[in-house]
Chemist: 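Quick one: this structure, given as structure tokens, is what I'll be asking you about.
Since the structure is predicted, the reported quantities are computational estimates derived from the model, not experimental observations. Heavy atoms only: backbone and side chains are in, while hydrogens, waters and symmetry mates are out.
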Protein chains: 2
Amino acid sequence: MNSEFSIAVHSLVLLANLPERMATSEMIADNVCTHPARIRKVMSTLRKHGIVATKEGIGGGYILDCDPETTHLALIYRAVCEGTLKPSWSSGDPETGCMVASNVQKVMDGLFHEAEEYLESYWQRWTIADVLREICALHQAKL
Amino acid sequence: MNSEFSIAVHSLVLLANLPERMATSEMIADNVCTHPARIRKVMSTLRKHGIVATKEGIGGGYILDCDPETTHLALIYRAVCEGTLKPSWSSGDPETGCMVASNVQKVMDGLFHEAEEYLESYWQRWTIADVLREICALHQAKL
DNA sequence: GAAACTGTAACTTATATAATTACAGTATGA
DNA sequence: TCATACTGTAATTATATAAGTTACAGTTTC
């Protein structure tokens, strides 16, 4: 998995914690520690899934377009990295005569697909607000 | 995740299906479609976890050292790619004053760790023999 | 119409993955 | 006992993926 999921969750938690729930790609990039263009790419995907809204022009930026208390990480996972659990390389070769070599790809693909669905049910346990609360708890513990 | 898990599962299923449950790295590599040295690397890890035994010298190779009916994919996952669910890149920066930026790494690390344990409970549902049976079923369906 | 934004593609660089080579170590059997 | 056929492992090279960067067109505001 690449780290777009972490970027998306971090950005959404950040927005949820801002008074106006709005920030520019530059502000988010500073906080996430990456390049604004990368933030815009991830945010663009989240916008297409209705999780954030964007406003172009002066005073524009990204604004949370969901309820952090009911938006689960599973939705974010699906938006941003569905299908990435399965490795790009596959073993075996469908063209050979060997039963194992010729059928293992399809079976493993099925397992990875099911494993990913299972994993999504873990992300379904967490909302954006939950993650923010975990962060707050850590923060409090330091004081 | 890299594809050593797929290679390990494929290799073990292949061994389980052989009369003597034994094969050389070259035979396995041919079947898996990769290089024998890569097979030796993965098999070496499986040997250290007691899943296969190896025999050096003439007539040597790898032999299954577990019961395929009771050896779950979770064991193979742990042996071969524990810790790879979490992306290597992390967002945020523990040194900043921002509550979110400075604590998000630890929280996300915890989530990825728990997610991986959850995922392992999926792999626990499958044994090597189960995978072989799935392959056989696909094979039968073609006839 | 200048300024401050997003959207997106193209390009570069860094890192991870896979393939390959090489060779030391080990068991077998003629 | 020596050639042979294996594993074990490290080093190197090649390739694919991820991340960073640049660039610029499009949009909104003032």
Chemist: So which protein nitrogen or oxygen atoms get under 3.5 Å of nucleotides 3-6 of chain D's nitrogens or oxygens?
Modeler:
from	atom 1	to	atom 2	distance (Å)
dC6(D)	O4'	G57(B)	O	3.4
dC6(D)	O2	G57(B)	N	3.3

Chemist: Which residues pass the salt bridge (Lys or Arg N to Asp or Glu O under 4.0 Å) test with D130(A), sequence neighbours left out?
Modeler: R133(A)

Chemist: Of all residues at least two apart in sequence or in a different chain, which pass the salt bridge (Lys or Arg N to Asp or Glu O under 4.0 Å) check with E120(B)?
Modeler: R78(B)

Chemist: What is the distance, rounded to the nearest whole Å, between atom CD1 of I7(B) and atom P of dA18(C)?
Modeler: 7 Å

Chemist: Test of understanding: with side chain to side chain contact (heavy atoms under 4.5 Å, CB included), list the residues that count as partners of T96(B), not counting sequence neighbours.
Modeler: D93(B), C98(B), A101(B), S102(B)

Chemist: With sequence neighbours excluded, what pairs up with K106(A) under the salt bridge (Lys or Arg N to Asp or Glu O under 4.0 Å) test?
Modeler: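 With sequence neighbours excluded, K106(A) shows a salt bridge (Lys or Arg N to Asp or Glu O under 4.0 Å) to no residue whatsoever.
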
Chemist: So how far off straight is the helix from dG1(C)-dC30(D) to dA30(C)-dT1(D), going by the axes through five pairs at either end, to 10°?
Modeler: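 Result, rounded to 10 degrees: 0°.
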
Chemist: If you compare every side-chain N and O of S88(A) against the phosphate oxygens of dT17(C) (OP1, OP2), does one of them come in below 4.0 Å?
Modeler: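 The answer is no; no side-chain N or O of S88(A) sits under 4.0 Å from OP1 or OP2.
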
Chemist: If you group Ile, Leu, Val, Met, Phe, Trp and Tyr whenever their side-chain heavy atoms sit less than 4.5 Å apart, what else falls in with I63(A)?
Modeler: M22(A)

Chemist: Can you list, pair by pair, the side-chain donor-acceptor contacts under 3.5 Å of residues 136-143 of chain B, counting residues two or more places apart and other chains?
Modeler:
from	atom 1	to	atom 2	distance (Å)
K142(B)	NZ	N103(A)	OD1	2.8

Chemist: I58(B): what forms a side chain to side chain contact (heavy atoms under 4.5 Å, CB included) with it, not counting sequence neighbours?
Modeler: none

Chemist: Distance check needed: dA19(C) P versus D30(B) CG, whole Å only.
Modeler: 13 Å

Chemist: Among residues at least two apart in sequence or on other chains, which ones pass side chain to side chain donor-acceptor pair (under 3.5 Å) with E114(A)?
Modeler: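 Partners of E114(A) under the side chain to side chain donor-acceptor pair (under 3.5 Å) test: Y122(B).
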
Chemist: Quick one, which residues of residues 102-110 of chain A touch DNA chain D with a heavy atom under 4.0 Å?
Modeler: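 Contacts with DNA chain D under 4.0 Å: none.
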
Chemist: Side chain to side chain donor-acceptor pair (under 3.5 Å) with E116(A): which residues, sequence neighbours excluded?
Modeler: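 With sequence neighbours excluded, E116(A) shows a side chain to side chain donor-acceptor pair (under 3.5 Å) to Y77(A), given in chain and number order.
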
